[in-house]
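Here the structure is laid out as structure tokens; the discussion comes afterwards.
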Amino acid sequence: MKDSLQIDFAHKQTAHCENGVVSNLMRHNGFEVSEPMVFGIGSGLLFSYLPFIKVNYAPVFTYRVIPGLVFSRFAKRVGVKIKREKFSNPKTAKARLDENLRNDNPVGLQVGVYNLIYFPDEYRFHFNAHNMVVYGKTENEYLISDPVMESVTTLTDRQLEKVRFAKGAFAPKGHMYYPTSFPEELELEKAIVKGIKHTCRDMTAPVPIVGVKAMRWVAKNIRKWPAQLGAKKANHYLGQIVRMQEEIGTGGGGFRYIYAAFLQEASGVLNNENLKEFSKEMTEIGDAWRDFALDASRIYKNRSGESDGYNKIADQLYEIARREEAFFKKLKKAV
Amino acid sequence: MKKKEVPQDKSKLEKAKIKDMVYAVDENGEYVTELSTGWEPKTIALDNAIKVIEERVEDARQRVLKNETSPIEYYMEKAKMDLPILASYVGLWQCRVKRHFKPSVFKKINGKTLQKYADVFEISIDQLKNINEG
């Protein structure tokens, strides 16, 4: 069998992997949709606090919805159909991937980060919700478009199998996905409104673990950490918040800047000048998140367990929660 | 954040030639993307997280040498895993993996199960039995 094939696929770097895969696959199929547009329509923005689940020995904080949801919601709202497949057998997974490549179809894959050899060691954690596109193969390597990389890369058969069958939470099980049918024309207006309303609802939900309520809960806990956990662990928890907020893929400020970019673009599509102002306000909220991260980092830089510092950043977080609550209540009425 | 304020601090990303993409506004208030080499607050957070792992590895190593735990725990920490992740990789119940941390139980693990652990850690059975060779 002749094993070398390469689909003509345009790689474009994005901040976040899932948005990037969707945006790049859409472009490949003739639809230009920006990363912020995918993120906004897919209602990707969130805040969530899961103190009872530990990752790297610290609670889970997340600034976005769970993996896969952005694409599902985006697809549903713009009328794109997606096919998703998971596998128990790596051989079948490989065969199905090869079959798609032979049919000239680049596919999205969910993979684990720990064995991604092109990432620096320090970034290789057991995190299983990374996304990439495979767009061809040579005799012994797959051609990879990883949206967080500046240019395309490759992985051997064995390397790809390892990341596709990483284990642990969110194990990808070879998860492969690609769009199968498209609307005649992409109508973004209604999709944008739906996307915005959904995010407003999530952020102001009357549930303690999501949205502004979760932010207040974290703020409350931060005050207790130094006494309850000791300086070392409290520092570690703060570090985890900052890492989740500013890690590769967030676009800075816990996805708030990507969301502001979305509101700016949406203002043009919907012909709604108001949204430009909302975009500006979201940028300022993003800046407040950056200040919060900077002040938190001063605490763990000095390995401090003094409660003053903790109280101060708890106040900042509380203030951000107040601003976001007002923001999303207003935004809901503006679309 | 303004485009010209996008931080360009030193980070571990440089050696892998990766740059972080962030969204920022240009002079006209339009959103654009900009590449960043890193930002100190998150670099320190990552360094600290790595340090925590290194301490856990060293602690496990000491306990293996004192015969308080088995090499499996040491290799687990070295692979940045925790109990649920390791159990999922070897395909055993967590409580069983935890039992294998006991030096006395570890000695009695059969060859097939040992091989499973060795495969997950990508080492030989000799290395698995003796951390000085790992």
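Just so it is clear: chains get the letters A, B, ... in the order the sequence lines come, proteins before strands, and each one is counted from 1. Keep in mind the model is a prediction, meaning the values are calculated, not measured.
For A166(A), the parts lying under 4.5 angstrom from a heavy atom of chain B are both the backbone and the side chain. Within the 4.5 angstrom heavy-atom criterion, only side-chain atoms of K162(A), from C-beta onward, approach chain B. For D121(A), the part lying near chain B is the backbone, with the side chain staying farther off; criterion is any non-hydrogen pair under 4.5 Å. Interface remark: R303(A) contributes side-chain atoms only to the contact with chain B (heavy atom separation under 4.5 Å). Residue E246(A) touches chain B through both its backbone and its side chain, counting heavy-atom pairs closer than 4.5 Å. With a 4.5 angstrom heavy-atom cutoff, N48(B) touches chain A only via side-chain atoms. Of the atoms belonging to I50(B), it is side-chain heavy atoms, and not backbone ones, that fall under 4.5 Å from chain A. With a threshold of 4.5 angstrom between heavy atoms, E30(B) approaches chain A through its backbone and through its side chain. For a residue to count as touching a neighbouring chain, one of its non-hydrogen atoms must lie under 4.5 Å from one of that chain's; by this rule A79(B) touches chain A with backbone and side chain alike. For A260(A), the parts sitting under 4.5 Å from any heavy atom of chain B are the backbone and the side chain alike. Using a 4.5 Å cut-off between heavy atoms, Q13(A) touches chain B through backbone and side chain atoms alike. Contacts between Y118(A) and chain B at a heavy-atom distance below 4.5 Å involve the backbone alone (N, CA, C, O). Using a 4.5 Å cut-off between heavy atoms, Q240(A) makes no contact with chain B at all. Neither the backbone nor the side chain of L86(B) comes within less than 4.5 Å of any heavy atom in chain A.
A261(A) and Y23(B) make their closest contact through CB-CD2, 3.9 Å (heavy atoms, listed as atom of the first residue, atom of the second, distance). Of all heavy-atom pairs between V22(B) and G252(A), the closest is CG1-N, 4.2 Å. A45(B) approaches G239(A) most closely through the heavy-atom pair CB-O, 3.7 Å. The shortest heavy-atom contact between D20(B) and I248(A) is OD1-CA, 3.6 Å. Minimum heavy-atom separation, Y300(A) to P41(B): OH-O, 2.6 Å.
The number of heavy atoms from other shown groups lying within 6.0 Å of NZ (K2(B)) does not exceed 12. For R27(A), the CZ atom is densely surrounded, since the number of other residues' heavy atoms within 6.0 Å is greater than 12.
Put simply, of K42(B), K80(B), K51(B), the one with the most heavy-atom pairs under 4.5 Å next to chain A is K80(B). For chain A, the option among V52(B), L46(B), V120(B) with the highest count of heavy-atom pairs below 4.5 Å is L46(B). Counting heavy-atom pairs closer than 4.5 Å to chain A, the top residue among D47(B), L35(B), V6(B), V32(B) is L35(B). Ranked by non-hydrogen atom pairs under 4.5 Å with chain B, the options F119(A), Y123(A), F125(A) are led by Y123(A). Ranked by heavy-atom pairs shorter than 4.5 Å toward chain B, the options K276(A), E247(A), E35(A), H16(A) are led by E35(A).
Annotation: the span from K17(B) atom NZ to E150(A) atom CD amounts to 10.5 Å, rounded to 0.5 Å. K301(A) NZ to I44(B) CD1: the interatomic distance, rounded to the nearest 0.5 Å, is 5.0 Å. A distance of 15.0 Å separates OG1 in T33(B) from OH in Y257(A), rounded to the nearest 0.5 Å.
Annotation: side chain of P7(B) is in contact with side chain of R290(A) (closest heavy-atom distance under 4.5 Å).
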Derivation and outcome, side chain to side chain contact (heavy atoms under 4.5 Å, CB included), residues M149(A) and I18(B):
CA-CA 6 Å; M149(A) 305 288 285; I18(B) 298 179; 3.7 Å; yes
Show your reasoning for whether side chain to side chain contact (heavy atoms under 4.5 Å, CB included) applies to Y114(A) and I85(B).
CA-CA 12 Å; Y114(A) 185 67; I85(B) 296 174; over 6 Å; no
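Side chain of Y89(B) to main chain of K167(A): a donor-acceptor pair is present (N/O by atom type, distance under 3.5 Å, no hydrogens or angles). For the pair Y31(B) (side chain) and I258(A) (backbone), a donor-acceptor distance under 3.5 Å is absent.
A salt bridge is defined here as a Lys NZ or Arg NE, NH1 or NH2 lying under 4.0 Å from an Asp or Glu carboxylate O, and E55(B) with K232(A) meets this definition.
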